[in-house]
Amino acid sequence: MSNQAWLERSFAAVWHPCTQMKRHERLPIVPIASADGVWLTDFDGKRYLDGVSSWWVNLFGHGHPRIKQAVREQLDRLEHVMLAGFTHRPVVELSERLAKLSGLGHAFYGSDGASATEIALKMSFHYWKNLGRPQKSRFVSLENSYHGETVGALAVTDVPLFSSTYAELLKPGLRAPSPDARQAGPGESAADVALRAVRSMENLLAKHGGEIAAVIVEPLVQGAAGMAMYDPVYLTELRRLCDRYEVHLIADEIAVGFGRSGSFFAYQQAGVTPDFLCLSKGITGGFLPLSCVLTRDEIYQAFYHDDVTRGFLHSHSYTGNALACAAALAVLDIFEDENVLEANRLKAADFTERMRPLIKRPEIRHFRHQGMIWAFDVETSRADFALAYFSAMLKRGCLLRPIGKSVYFMPPYTLKPEEMDWLVAAGVDALDEVLAGESAGGDATPLP
Ligand SMILES: *Cc1c(COP(=O)(O)O)cnc(C)c1O
């Protein structure tokens with residue numbers, strides 16, 4: 001069957017995520033038949049370089065043989081067993097290894113990033129309640145934050161496009177300024193901006209600390225804000241404030257964990273440890289849905305009691321799914337055996353160098369880079385820039401989805417030098433086309 005046939009059937013039967021479906025009257029859905037490495041192939045044989053690791057999940061590209069093999073072997077033994085009252089090898093080994101990597105002793109599982117956010121928020125609140133402090137029931141999030149789309153997670157998400165429609169359903173929280181380094185004034189460093197945001201946070205915690213359970217942040221990079229990056233000193237100071245005002249620090253590393261930020265976990269660059277760590281996306285290398293919340297043993301102990309209701313009575317049917325855990329173990333094996341962090345450091349320096357033809361363009365503002373993430377803003381009056389650039393890149397065989405006027409690259413770690421050059425050349429070419437063109441009008445909905 002051809003692309004056309006699949007896209008028509010999809011349009012008729014599938015409600016696609018994060019999409020005004022009517023847009024697909026003009027913008028065709030892309031049916032993918034197969035994928036290998038960084039390449040996606042459609043039903044007409046056209047290839048696309050997956051420059052965003054399929055929404056940031058396929059760390060090592062598509063169909064990585066080692067992850068595939070691990071899932072296959074697990075399939076022959078045990079595909080799933082409920083985790084309430086039962087356990088199995090992959091979930092035990094994964095929990096042990098994540099504890100060792102993070103310094104957080106207990107792992108609780110969900111299936112998607114948003115479920116990890118929900119778990120962390122509920123656990124934090126419940127911890128304080130178990131300690132006899134139920135008034136600590138509010139959460140602080142940052143401006144332009146993104147923590148998922150379920151009702152609890154959306155309440156700590158500051159992307160009005162996603163949240164304002166549902167405002168009546170969301171429990172109001174507290175919002176603190178973002179340390180986004182793009183706010184630097186003349187002569188100001190990223191650290192200056194971060195310290196300014198720390199002072200605002202301190203005022204907020206000093207005033208409301210008694211009613212706050214936790215502060216939730218995306219360490220170093222606010223992904224959905226258009227890859228807003230900030231100085232690690234923010235996290236160092238935030239940890240100090242959280243300790244001082246007895247508030248939990250939740251690190252949402254759903255996007256930046258597993259080496260994306262340059263270190264295995266982004267918070268490690270600030271020399272701190274959070275109270276809760278949310279992981280998902282790259283955890284299985286894009287093979288299966290899995291999320292995880294790790295927490296300190298002392299927090300775990302506050303739930304450990306003869307009273308059932310002091311326990312964390314939260315569950316998802318697929319909690320700790322064996323196939324997903326086997327994929328995650330294979331991801332950790334790859335990190336260990338292939339020295340991925342070190343290899344990425346060299347690769348990142350190389351890609352930054354090769355990106356010159358693109359970032360030297362006069363329309364480019366705020367070029368930024370952290371680990372295996374690159375981003376810049378484009379000065380343009382085109383309100384439809386994101387959609388136009390996405391389309392122009394797609395035509396050239398590249399999958400890039402700008403957020404507003406921020407273009408970002410979040411490629412699989414397996415990207416080769418010739419693919420980098422090709423991606424950059426396409427990027428320059430597409431920019432020429434889009435900036436020369438006229439706005440097609442319509443809304444400026446970002447493509448997260
Ligand atoms: C993607 C993302 C989430 C939500 O994860 P889903 O799997 O899409 O529910 C939460 N937080 C951050 C930082 C994310 O990037």
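Counting convention: from 1, in listed order, for ligands and their atoms alike. Scope of the values below: all heavy atoms of this structure, side chains included, with no hydrogens, waters or symmetry mates.
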Exercise for the section: Let me know which protein residues bring a heavy atom to under 4.0 Å of ligand 1; chain then number is fine for ordering. Expected result: Trp56, Asp112, Gly113, Ala114, Tyr146, His147, Gly148, Glu218, Asp252, Ile254, Ala255, Lys281

Practice task
Check each of Ser141, Ser145, Ser163 against Val156 using the side chain to side chain contact (heavy atoms under 4.5 Å, CB included) test, and report the only one that passes.
Solution key: Ser141

Handout entry: Donor-acceptor pair between Thr295 and His106 side chains, under 3.5 angstrom
Key = no

Problem - salt bridge (Lys or Arg N to Asp or Glu O under 4.0 Å) partners of Asp231, counting only residues at least two apart - result: none

Practice task
Could you verify whether a donor N or O on one side chain and an acceptor N or O on the other, from Ser10 and His16, lie under 3.5 Å apart?
Solution key: yes

Exercise for the section: Using a strict 4.0 Å threshold on nitrogen-to-oxygen distance, state whether Arg138 and Glu211 make a salt bridge. Expected result: yes

Problem - Derivation of the ring-ring contact (aromatic ring centres under 6.0 Å, His included) call for Phe60 and Phe335 - result: CA-CA 10 Å; Phe60 301 108; Phe335 268 99; 5.6 Å; yes

